Each structure stands twice: as C-alpha cells, then as structure tokens.
There are 2 protein chains.
Amino acid sequence: MNIGKAAAASGVSAKMIRYYESIGLIPEVARTEAGYRDYSDKDVHRLRFIRRARDLGFSVDQMAELLALWQDRGRASADVKRIALEHVAELERKARELMEMSETLSHLAGNCQGDDRPDCPIINVLSEQDGFESCHEHAQPRFGKTGIEPDRKRRASSDSTVSDSKGGGIRR
Amino acid sequence: MNIGKAAAASGVSAKMIRYYESIGLIPEVARTEAGYRDYSDKDVHRLRFIRRARDLGFSVDQMAELLALWQDRGRASADVKRIALEHVAELERKARELMEMSETLSHLAGNCQGDDRPDCPIINVLSEQDGFESCHEHAQPRFGKTGIEPDRKRRASSDSTVSDSKGGGIRR
DNA sequence: TATAAACCTTCCAACAATGGGAAGGTCAAG
DNA sequence: CTTGACCTTCCCATTGTTGGAAGGTTTATA
C-alpha cells in the first residue's frame, strides 16, 4: 500500500506520515524498488493509533510513549493511566485558562453598549493606566518549554530501532 | 526610557517589543544617537494595552484592530464589542474542544485499573481496529488540537529589507 | 581612568504540528 | 508513448515566544 492509500486508510495525511517518520515517531517503512513507501496493514494500524491519540490532543512525545507501551506486552496499565491523567490535567488547565479569558471578556462585552458611540468598557480595561490590574493577573508564559531535547539532524538511516525511547527520544 | 525599562514597565518582554515593532503592530519608536530605542510614557501605555489584550488571548491581528479603535476617537463601541464577542466565541470553542478531549480521556482512565497488568481501556480505544469510534465523532474538520484556523492572508513582501513599515498591515 | 558588567543592537534558529508547493521520478491507463 | 495521478525530497510558512551569537554602548566600580 502506498502512502496515499495509507493516509486515506488511517486518517493521517501523507505529509504527516512522512513527518512522523522523519522525527522517528514511526520507524522507516519498507520501500518499493522505485523508492515508494510501502505500508503493511500493521503499519496502517499504527497510524490509526496515532491519529486517535492525536485527536485526543496528545503531543508527539506522549504518542511516542503510548506507542511504546502499546507494543510492550509487559506494560503496566498504571503507566498508560499516568500519561493519560497528566494529559487530562493539562487539557483541563488550558481549558480553564481559555474559559477564564472568555468569561472576563464576555462580562466586559455585556457592559458595552455596542452602539455608535465610542465609550466602551473593553477598551477602558485594556487602556487602564495603573499597574494593579485587579482581576486578571496571569504572569504565566504563554509557551512552556517542556524539556524537549534539541537535535537538528533527521537522518537516521541505519539503526531503525531508536534504541532508547524513554524520556522523549523523538528528535526533530 | 530604554527597551529594558519599557519592558519592565509594560510587562512585555524586550524581545516581544522588538518583534511587535518588526511586524508593524507598533510604530518604530524614537532612537538615541547610539541607536537605542527610546520609549515615551505614551509608548509604554500602548505596550501595556497590548499586554492586556494578549493576556485576554487576542491575536496580533485582533490587537492591531483594537489598537486602531483605541486611537480612533470616533470609533463605534459596536466594533470593539464585535471583535470581543468573536474572540469569546473562539475561546469558548477551543475550551469546549479541550474539555471534550479531557472528558473522553478521563472517562477512559476511570475504567483503567492502573495496576501492573497490561490491560487498559485507553490503549484499547487507541488501537481499535475499525472506524467505529462511537463516542468522539468529529466528522472531518481536520484541524489542529486547539483548532486554530488559518485565516492568514497577510502579505509578506518576501524580503525583509527593514525599510517599508508604513503600510499598516501586519507582516511577518 | 580603565575595565568589567549590564545593557543595547541585529540576525538566525528553535519550538509545535501542519500545509503548500517546486522539481523531479514512477506508474497506470489510454 | 503520452497524460495524469501518483510518489520522492526539500524548502518555506504558519503564531508567538524565547535563546543565543556577535558586536556596540553605557554605567558602575576597582
């Protein structure tokens, strides 16, 4: 099965399949004589696994962990559960953050006439002069670097097994 | 006031101040003889406005709109309100998406023993064979986890000769 | 005053995850 | 044999932010 078929069958785009291969999330797959990637049903199964994990919001690193556990018949379900619950906590944190912003804003909008006059509590809050912004003090960084190792080269011709996949072995 | 002071006073990092200037969100500021950026209180006030908008999750494009309205004494509060409410809708949509993922996952985790045996409903769902996925049907919207739609249409002149920044459009 | 620390400048790269597209090779059907 | 639909690799863009290098400037101190 070529990459187009595999993409259709798995729901992961061909672009992303190549990308996942390039970063080592999935092993290099078989090739035809002409160099076309050739996917087995097992490969497609793995791609579907990935798509579902992605649809649940898992990061590439987490998917790598989950894939490793999936393959590991001696896994402890506790490990899977831990990853899932950590992710749940993160999802809830983000959702809460978004909801807080949303609530602040819709409260302000509720007090805005929304007519052709300029006066508006939204603009007023944004342009407040002083430094003690009563409610919404969120000094948090919008992006946290969650310990991902830097590594630029994505050429791993030989040694497909990526030996150590603990602690985030995905290189980009 | 140099950029470090302006950053401390506004809560926007020096890096981001330069970035916002480079994309045209804020105008080029005065310079000292040595080439250091020199911020007035008015400039800092604008930066604080930006920081508050950013804290409410507004995108650079929306901040540009809001800044324009802020400066416009003949603005209609309806315009501000519209921007805010569109953003609220987007925030709510994203939050809902995250919560759905979170709920699906925590439900699965709730049925997982979390012991040293391998059996685990989370893994089972991820590796389901057919296209069954009863609960979490998402049709095929196929966008990122936080669903940031590409409404990108900004024109970049393909080369950054540092010269043109008067256009008014935000370029990156 | 000399010198070092603490700034500032610009430019380049990285991150997440994905898509767009070019330049070229391959395969199937007409 | 040509056409078109594939495939290949490679580079670029996205959004917002940070990190760092290489070099100039200001300031505080020895």
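Letters A, B, ... mirror the listed sequences (proteins, then strands); counts begin at 1. For clarity, every value in this text was computed on a predicted model and none was experimentally measured.
Protein atom OH of A/Tyr39 is 14 Å distant from nucleotide atom C1' of D/dC6, rounded to whole Å. Separating the CE atom of A/Met16 from the C1' atom of C/dG19 is a distance of 10 Å, rounded to the nearest angstrom. At whole-Å resolution of the value, CD in B/Gln62 and P in D/dG16 are 9 Å apart. In this structure, A/Met1 atom CE and D/dC7 atom C1' are separated by 16 Å, rounded to whole Å. Separating the CD1 atom of A/Ile17 from the P atom of C/dA17 is a distance of 16 Å, rounded to the nearest angstrom. Nucleotide C/dT9 holds its P atom 18 Å from the OH atom of B/Tyr19, rounded to whole Å. Put simply, CG on A/Asp61 is 12 Å from C1' on C/dA17, counting in whole angstrom units. To the nearest angstrom, C1' of C/dA16 lies 14 Å from NE2 of A/His87.
Residues A/His87 and B/Leu105 approach most closely at CD2-CD1, 3.3 Å, considering heavy atoms.
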For each nucleotide in nucleotides 20-28 of chain C, reading 5' to 3', give B when a protein heavy atom comes within less than 4.0 Å of its base, S when such contact involves only the sugar-phosphate, and - otherwise.
BB---BBS-

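Side-chain nitrogen and oxygen atoms of B/Asn2 include none within less than 4.0 Å of the OP1 or OP2 phosphate oxygen of C/dC7. Between B/Arg37 and the phosphate of C/dC7, there is no side-chain N or O to OP1/OP2 separation shorter than 4.0 Å. Regarding contacts with the backbone of C/dT9, a side-chain N or O of B/Arg18 is found under 4.0 angstrom from either OP1 or OP2. For D/dT17, one of the phosphate oxygens OP1 or OP2 lies less than 4.0 angstrom from a side-chain nitrogen or oxygen of B/Tyr20. Regarding contacts with the backbone of D/dT17, every side-chain N or O of B/Ser13 stays at 4.0 angstrom or more from both OP1 and OP2.
Other residues, nucleotides and ligands contribute over 12 non-hydrogen atoms within 6.0 Å of the CZ atom of B/Arg31. In this structure, B/Asp115 places its CG atom where more than 12 heavy-atom neighbours from other residues, nucleotides or ligands lie under 6.0 Å away.
Between B/Arg37 and B/Glu21, the closest side-chain pair of non-hydrogen atoms falls below 4.5 Å.
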Walk me through it: do A/Trp70 and B/Leu126 pass the test side chain to side chain contact (heavy atoms under 4.5 Å, CB included)?
CA-CA 9 Å; A/Trp70 183 37; B/Leu126 290 175; over 6 Å; no

Please assess A/Val29 against A/Asp38 for the test side chain to side chain contact (heavy atoms under 4.5 Å, CB included), listing each intermediate value before the final yes or no.
CA-CA 7 Å; A/Val29 78; A/Asp38 190 28; 5.9 Å; no

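In this model, no donor atom of one side chain and acceptor atom of the other lie less than 3.5 Å apart for A/Ser77 and B/Asp119.
For the helix from C/dT1-D/dA30 to C/dG30-D/dC1, the rotation axes defined at the first and last 5 base pairs enclose an angle of 30°, given to the nearest 10°.
Of the inter-residue distances, the one linking A/Ser102 atom OG with B/Glu90 atom CD reads 11.0 Å to the nearest 0.5 angstrom.
Residues that satisfy the ring-ring contact (aromatic ring centres under 6.0 Å, His included) test with A/Tyr20, not counting sequence neighbours, are absent from this structure.
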